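Below you'll find the structure, written out as structure tokens, and then a few comments.
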Amino acid sequence: MSIPDYMQCAEDHQSVLVVVQPVGIVPEDQFFRIYKRISSVCQQSIRSSQRLLYIRYRHHYPPENNEWGDFQTHRKVVGLIAITTCASAKEWPQTSERFHGQKEVFGSTLYDSRLLVFGLQGEIAEQHRTDVAFYPDCDSCPDLERRVEDFVESIFIVLESKRLDRTTDKSGDKIPLLCVPFEKKDFVGLDTDSRHYKKRCQGRMRKHVGDLCLQAGMLQDALVHYHMAVELLRSVNDFLWLGAALEGLCSASVIFHYPGGTAGKRAARKPSISQAADSGKRHRPGAQELLIDPGALTTNGINADTSSEIGRAKNCLSPEDIIEKYKEAISYYGKYKNAGVIELEACVKAVRVLAIQKRAMEASEFLQNAVYINLGQLSEEEKIQRYSVLSELYDLIGFHRKSAFFKRVAAMQCVAPTIPEPGWRACYKLLLETLPGYCLSLDPKDFSKGTHHGWAAVQMRLLHELVYASRRMGNPGLSVRHLSFLLQTMLDFLSDQEKKEVTQSLENYTSKCPGGMEVITLPDGLKFPPVPFTKLPIVRFVKLLNLPVSLRPHKVKGLLGENMSSKSPFIYSPIILHNRGDERCKKIDFQWVQGAVCEVQLMVYNPMPFELRVENMGLLTSGAEFESLPAALALPAESGLYPVTLVGVPRTVGSITVNGYHTSVFGVNSDCLLEGLPGVKTGGCMVEVVPSLPRLLLSTSLPRSPHVAASEDISSSVALQLFNGETQTLTVTLDNIGTETLETLELSSKIISTKEKLLGDILNWDIQEAQSHLPLLPGCSLSLTVNIRVKLDFSGQENLLPDLSDDGISVTGLPISSPLRQVLKPRPESKALSADPGKNEHTHFKTLEAVMTFKYSGGGGHVEGFYRELCLGIHVDVEPSVFFTRVSTLPATSMRQCHLLLDVFNSTEHELTINAKNNQDLLLYASECQRMAIQVDKFEFESVCVQPEQSQQQWETERQQAQGSLINSTLSILHPSLQREGEASVEGVLNQLVLDHLQLAPLQWDVLVNGKQCDCDIVTDCRVGDPVSLEVKLTNHSKKEVGPLALTLVAFQDYQNGIQNHDLQDAVTFIGSNTFYIDKVNPTFSSTCTGALLFLYTGDFYLSIKFQDDSTRRDLPPAFFGLPTVHIRALESPIENGA
Amino acid sequence: MAVCVAVIAKENYPLYIRSVPTQNELKFHYTVHTSLDVVEEKVSAVGKALADQRELYLGLLYPTEDYKVYGYVTNSKVKFVIVVDSSNTSLRDNEIRSMFRKLHNSFTDVMCNPFYNPGDAIQSRAFDSVVSGMMVQAC
Amino acid sequence: MADALFEFLHTEIVAHVYKEQAQRGDTEKERSSSLSALEGMGFRVGQGLIEKFTKDSPSFKDDLDIMKFVCKDFWTNVFRKQIDNLRTNHQGTYVLQDNKFALLTQISSGKQYLEEAPKFLAFSCGLLRGALSNLGLESVVTAEVSLMPACKFQVVIQKN
């Protein structure tokens, strides 16, 4: 006997063995259908008695096992059912022959046999034979089970007869010796008459009888017989059979104690409805328990009638004893190497019993022993079966790890090198079954948190084997899945070398079969969940980025109430509901625009010691539709935090939540959800998308500025260099490069705060012209003209600049209106320049920065109240053009006008021309200073409106501005070489003295000669001999009354050489008095004095009007009393005819 | 002299496992792993068994062809497993006990080290040297 | 002399932890985090100590055995006296009563400073919890004081 039957258990000892075999060719499915039906008859109660018969069926039984039938009767085939198909009567004899042949195989032990013929009809089928049954086909055999039952009955009859035969064998001495096959030769030539021999024969026979009793359903008898046999055999040291007897004893006890069977996982045998033991009690309610001392039994056997009187409890072994006896039996078996199979089976049976008794330690010892039983040369199949069974048994006793271990060994055995056709599928299946034993589940979610459970080295080995097996099995998808599982969960435990190897092999596999996120289902229903690579790379931070400044949507204020808060309920709620502290629910406070490219920044980390190539990395989003544009990147080995920007375009309006990202690494696609990654920090993942807005591109006529803009908001900037006072135009072109129509456009500007004093507006434009182009379709453009004019106050620099006062030429006393040309004398070194030497000594740039903001909107965004802004930065470097280094006035010769003397310094490097409105051109070379005089009307300060709230300073400023603008209007600068022109401003240069001079005196004096107004340069003509009327009018514009005053007129002649002649009594006479008296003049009143002169000679005469010293004059400033000089030219009167 | 020494946490994962380098280490992993079954069985049996069976030393867990595996469990349910060569018959029970004692002492020191977090792998050099002292020296 | 060392150290630990917390800002959340810090410290120390003390003792039969060991040997080793009274409801709840708890004796012996007591008990609660945890019993330990220096530790074993 070479093949152990691992499925045997102790209760099989009470069953009879029936073999069901096909004769000839029988289709397999048909055969097994019949077989199944036959096997259903496994338990039968015998009609004539209350005993129960158990039948075991086999469709395959090696004949050599049959030879051990004497040793243990349940091993011999006592019944044969042959199944055959026969189509015609012609084949019948042949079939019949074959049947007989098969019977011969088991002939020595067969009690009875049957033949079932399918498919034969006709005369032969009509025969009524007990040993052959004819059926037309396998589906129409309703009485099959009954036939089998009959068959079993007949077997029982034979069995019973044999039992009785043996039991009551009174042949005395001549008991044959029962042997096992390998023993036969040992007993040749032995003395058959010795007591020893006789006892041996008796013992063995006793044991055999016990077996038969057990099979016949007589438990008590069997127990008694076994006990006796044990005694007998022990005394002769017949170890093998002693072991068998002990085993039989154990089996019987097991059957008694565990009616449910010890088969474990197999369908437990139905406990017999009425056991032989109980039946005795039932029928004899008053029967006492009798103890039959086994020793009291004679060799003649027990009377069959007393069998039901035999007490039961004491003969049966206690559960602990069962194990003891098993141990003993096995130890005896162990002495015989040919009894390996018996030994192994006994171990297995004992283990099953121990499993039920829950004595795992001892069970494991038995199993340990079982592993080492040498069964000779086993085929690979057998080895596999052995290990599998061992594994199952270990599982039964709860040693899961050991069970897993043996299962793995079995799996390895499936594909041992000696097997011609390795069973990779079976190997794979077995390996999968070992997983729970090693605490390995194939769901990566179990590994995401907490410490690693299980033994990393072992688990890795197992996973590698799974990968290999699945590959050999021909399922590359599974290999990829397992390998990615290994990489994902065991990343921390792999060494650098291993990481490289694993990733390389992964790439090999995925080149044939890319890995994905679907659940792989095996044909037998096992599911493998997807394994996303959350650690390659590790994402630490997810941040949604705001759009670039020029593309950000701004909300028009005032539309709060109409906001689409329906889409985002959290926006304006002051109550924070359900603050779980989960920052992912946080709403981001900026918005994205539909149709614009939006970015999400991830900080990732590459844990591998080599470069990691990630392809097709994109975002997973939910909510509004978001078209994610995949990125590919290569992360350096063990990089630190590396920023990765993923972009996408929202295609619809709504709310977008970034749920995660997807990557393709090593050919495996993974979808990683952020909620499954506990280590990721994010500043909020939900962002709102507003409807699309138009997009404008700004270009300018001026070159781009290399300057860094003052703030990042400015999308572009231009730089110019201007001279102070110059105007430059800038053409701004806006191209609609988006997909929406531009509907509204607004422009505003802002000067970036500067310490410079600005004079006037810098930027000037006409928006109406641009707005006439709206709505602007995509692809079109409009342009806008902006005037940039700079006027800065460069005052304060004058002290650094040369002026002409050092020349020694006094200011006063210069001839009027003669521009002087002075050559600049070199400046003395004593005046040190405070500016740094690197700078140009005379020129000092001032920079001015302004920002122009274009607000535009259109399309869907406009409907919702959003707009975009484009900012243009304007950076102007202002060079001073001319400096008025000194302003002074010529002494007031006129009441209404004043000559301003301006020392003009050309601080540029080019020549320029200053042109005053009165057509005086002054050409200045570079760094030249000249004096020019302009005539300016005096004006009243009071005419400048004074607001009562203004402070004194503000008033002063305004006053100066007003004056300056009046003066400025007379000046303009031309740079002929550069073709540039601008305006020069005297603002800020005017000092108080000048102002005083400019001030129109509040006392307005008018002198009229002959009705004509007199002023500095007006020459009044008159005729000699004619009376010249003279009027002096005083208008009091001041707030106080003036007067009384006295005026005296004095005439003189000026020889223009510094000498004046006042001696003119002969030449000029006054008609009347030359003294005028003016009374008090109230404010806003005027007073006029009249007089007359007579000139007696021709010539140029001057009149000076002097004040007499009066007390009232002292209260008022002398400037109020400036009177114009009167210049009268007396001309020859024409000779009149007749005079 | 041991060929393999392992320390297993009470959740049954290894805190420390070290074996003679010449052998296939994985084999020892398997051996120790499967011996855990026996250890658990014994530990649970202690509760049901008689009161005098309360030693920390578990004795021989199971013999294999080449090795003998011994076990020991502390009161904090940390298990020590020592694997010795079967051929080394000179090793007596007392010696095994003393090896376990040394391991326990060294482990207690590791435990009291404030820089060691219970549950982490043991990386203490002192522990390493104690273990080296009781392992078969590789030639 | 050596006896007082741990008590001084303990007082300083409590003061230090609370000073740190005060520097970070005084809110309700912060106050409880100091207690957690102290308890956590005690936990780790308890784990190490119990490993040391049970090195030579045989394994325990059951929970009650463990609690008795803690009351007698463990408490003596740490606080130089035993627990005075152990009560249980045999359903996993134990009350350990110490009538003269070493860490409280120097603070007061009456009702004075009663509100400060919890600070000084956090560490010991952690110590108990750590010791029990290493012996295989997950528990929740709380302490209460009604009259210094006596205090009661209540241990509820978590069964899952």
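Because only heavy atoms are used, hydrogens play no part in the values below, and waters and symmetry mates are left out as well, while side chains stay in. In the text below, chain A, chain B and the rest are named by the order of the sequence lines, each starting its count at 1. Remember, predicted model here, so these are calculated numbers, not experimental data.
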Quiz prompt | Contact origin within Asn105(B) toward chain C - heavy atom pairs under 4.5 Å | solution = both

Quiz item: Can you tell me if CD on Glu95(B) sees more than 12 non-hydrogen neighbours from other groups inside 6.0 Å?
Solution: yes

Quiz item: Within a radius of less than 6.0 Å around CZ of Phe6(C), do more than 12 heavy atoms belonging to other residues, nucleotides or ligands occur?
Solution: yes

Quiz item: With a cut-off of 6.0 Å (strictly less than), are more than 12 heavy atoms of other residues, nucleotides or ligands near CD of Glu12(C)?
Solution: no

Self-check item: Over 12 foreign heavy atoms within 6.0 Å of NZ, Lys100(C)
Solution: no

Quiz item: Atom SG of Cys112(B) and atom CD of Glu51(C): how far apart are they, to the nearest 0.5 Å?
Solution: 7.5 Å

Quiz item: Heavy-atom count around Arg80(C) CZ within 6.0 Å, excluding the residue itself: above 12?
Solution: yes

Practice problem: Kindly compute the distance separating CG (Asn134(C)) from CG (Asn75(B)), expressed to the nearest 0.5 Å. | Solution: 9.5 Å

Quiz item: Arg44(C) side chain to Tyr116(B) main-chain N or O, any donor-acceptor pair under 3.5 Å?
Solution: yes

Self-check item: Value rounded to 0.5 Å, distance of NE2 in His104(B) from OG1 in Thr54(C)
Solution: 5.5 Å

Exercise. Specify which of Lys77(B), Met111(B), Arg101(B) makes the most heavy-atom pairs with chain C at under 4.5 Å.
Key: Met111(B)

